[in-house]
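Since the model is a prediction, treat every value here as computed from it, not as a measurement.
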Amino acid sequence: MEQINYEKLIPQEPITDVVAFAQQQGEFENAYMIYRSERVYDPLNIGTVCSVKVTCSACGHTFYAEKVPAGGCRHSYAPAPFGWRDEQMPNAVIDGDKTLCPSCYKEAKTVHVGSMRSYGGELIDDTWVTELSRLPVEGLADRLVLTEWCIRRCINKQGVTRYEIWPFTAWVVEEKKIVRLMGYLKNIGGRIHLFGEWRQRKQFEDVYGSAKLIVPWDKSLLEGTTAENSKLDLYQTEKRGRELVSYLALWRRRPHVENLLVQGCGNLVRTWIKKEMNSGYYHGGIPKLEEVNWKEKRPAQMLGLTKDEFRHMKQSRWSTEDLEKYKLVRDSGVPVRLPQDMELLKKVENYDCSRILEEAPKSDFWRTVRYLIKQKEHWYTLQDYRNMARNAGRDMTDNLVQWPRNLTAAHNRYAEERQARWDKEENEKRAKEIAERSVLFAERAVELEWLSFEAGGLLIRPCASEDELIQEGRELHHCVAGYAKRHAEGKTAILFIRQAEAPDKPFFTLEFDEKKMVAVQNRGLRNCDRTPEVEAFEKAWLEQIRQMKVQGRIKVA
């Protein structure tokens, strides 16, 4: 059968007053205080003065205020080089601030007319409203149509508001599939272009979305349409069940999903659809609802329950988490008494249930659950406490040790003891490392003593200790202290340049490569570069030690 073209058949404009409906739902409540510079007549000065004209977009009230250059004492930014004095605010108001309209007392965002250039000269707010209607088709059953309209509020520089209504998306429910029409195009840059008319494509991305606002409708609308048996009225109740198209697509693929809704399981279906659509693994297409066994037709068997379990689920109004916990415990082999045990499971998180079943004896499951509920704690806290008590040598067969009267206090006590033990071990380890490094520093100082040199009122010598290295970095405000380990291990050499008249006062710090006989870096206060005096001294020092190195090699030869 050839595909019907619905571009001219579906409604070209809303059936109801969607603007008024959107306003009733709390949309378009944002108000703006639009201001500009304007000269006004001042009778006292017998002339005009520069002032600020402010207009409220909510009530249309216009008033003049004192102009404050650059927004008062704060910084401003283009294109708002000035602000205006608001008697209700301690500081001047500039572009982007919020204030109250003196007429309607509504909170509004201040906007300079210059910043409206990026919006095409107008402030734009969008919202979306979905309508349900029936579409007669000659010789075929009436189609159920979901039309989504983009309502755009445009506010110009004078504060005048107008509304535009654009076709956005439409979904036509046929006998075997759902056809999608688009009133917009989203390009690579992510910007939405509105067509102003419906366009039906042969190829489109198979993505089913959710509706933001839905105009109230009566279930009689479904009678005689292609969605007559969909039980859409049971799925979308009050403000729940926004994913109408996703549900209809699922119903077209799995018609017996309506059995769950008839038996009062609409909350489960709604939650599963929304969860799947909001998951990071959803990339479009018909919802799968892997929690449901689609090979079965009866609701209880579709959910993996017996008739008695299904009856208890309906009476207690289980959530999807409750159902998941119950099946998890039941399938693990732990006996569950309904409904009393289910009341306990509702108070425990799914994660705790699965961890208890994996890590604790199944015979202690219910005792553990009751204990955690009474203690108002989680399983990981009890496990952490038991591990600490076991490491401390406590008798884990003792009932009071295994189940302390105050779990939080017992856990914190052992945690403090463990932290004190760790701190002691860390301090001992650190003291040992410092002692070993001190020996290395002393040996390194002797090894590098031949690099010492003095000339022209300056001297250079190797670093003697780690404390001296740390003090060098602290006084010169650079990071030489981070080279302590590499210096001690002989991977680099750190030497201090001092003024001869102040040999203990940090002046410049030099890093030396012993193999290449070059200065890697030479930095002074706050990592400043070497002065001409220091540079000349460094050059003379390098010539001296290189000559000494050559003479030493000749002597050895």
Nearest-0.5 Å distance, [atom1] of residue [X] to [atom2] of residue [Y]:
| X | Y | atom1 | atom2 | answer |
| --- | --- | --- | --- | --- |
| E276 | K288 | CD | NZ | 6.0 Å |
| S246 | K274 | OG | NZ | 12.0 Å |
| Q236 | I214 | CD | CD1 | 4.0 Å |
| L146 | L244 | CG | CG | 6.0 Å |
| D322 | L345 | CG | CG | 8.5 Å |
| R386 | W403 | CZ | CH2 | 4.5 Å |

Quick test of your reading of the model: are K327 and D331 salt-bridged, counting only N-O distances below 4.0 Å?
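Looking at K327 and D331, the cut-off is not met.
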* Does a side-chain N-to-carboxylate-O contact under 4.0 Å join D308 and R311? ->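 The answer is yes: the pair qualifies as a salt bridge.
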Requested in this report: Measure from the ring center of Y184 to the ring center of H193 and say whether it is less than 6.0 Å.
Outcome: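 Between H193 and Y184, which both carry aromatic rings, the centre distance is not below 6.0 Å.
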Quick one: are the ring centres of W318 and H312 less than 6.0 Å apart? no
If we ignore hydrogens and angles and just use 3.5 Å, is the side chain of [X] paired with the main-chain N or O of [Y] as donor and acceptor?
| X | Y | value |
| --- | --- | --- |
| R134 | E223 | yes |
| W366 | P335 | yes |
| N5 | Q200 | no |
| S51 | A65 | yes |

Let me know which of N30, D125, T127 forms a side-chain hydrogen bond (donor to acceptor under 3.5 Å, both in side chains) with R153.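 That would be D125; it is the only one of N30, D125, T127 passing the side-chain hydrogen bond (donor to acceptor under 3.5 Å, both in side chains) with R153.
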Side chains of K177 and Q3, donor plus acceptor under 3.5 Å | yes
Do other residues, nucleotides or ligands put more than 12 heavy atoms under 6.0 Å from the [atom1] atom of [X]?
| X | atom1 | answer |
| --- | --- | --- |
| K106 | NZ | yes |
| E290 | CD | no |
| Q315 | CD | yes |
| Y105 | OH | no |

The residue among I4, L9, I10 that forms side-chain contact (heavy atoms from CB on, under 4.5 Å) with V172 is I10
- Apply side-chain hydrogen bond (donor to acceptor under 3.5 Å, both in side chains) to R270 and N267, showing your working. CA-CA 5 Å; R270 286 190 293 267; N267 64 316; 5.4 Å; no
The side-chain contact (heavy atoms from CB on, under 4.5 Å) partners of A300 (sequence neighbours excluded) come to F310
Exercise for the section: Would you kindly check if the NZ (Lys) or CZ (Arg) of R143 is within the cone defined by 45 degrees around the ring axis of W171 and under 6.0 Å from the six-membered ring centre? Expected result: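 Ring-cation test returns no.
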Heavy atoms of N259 and P299 approach each other most closely as O-CG, 3.7 Å
Determine whether L328 and S354 make a side-chain contact, defined as any pair of heavy atoms from C-beta on separated by less than 4.5 Å.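 Result yes, sub-4.5 Å side-chain heavy-atom pair found.
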Minimum side-chain heavy-atom gap L250-I273 below 4.5 Å =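 Yes, at least one pair of side-chain atoms sits under 4.5 Å.
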Apply salt bridge (Lys or Arg N to Asp or Glu O under 4.0 Å) to residues E174 and K176 and explain how you reach the verdict. CA-CA 6 Å; E174 293 188 334; K176 295 184 178 181; over 6 Å; no
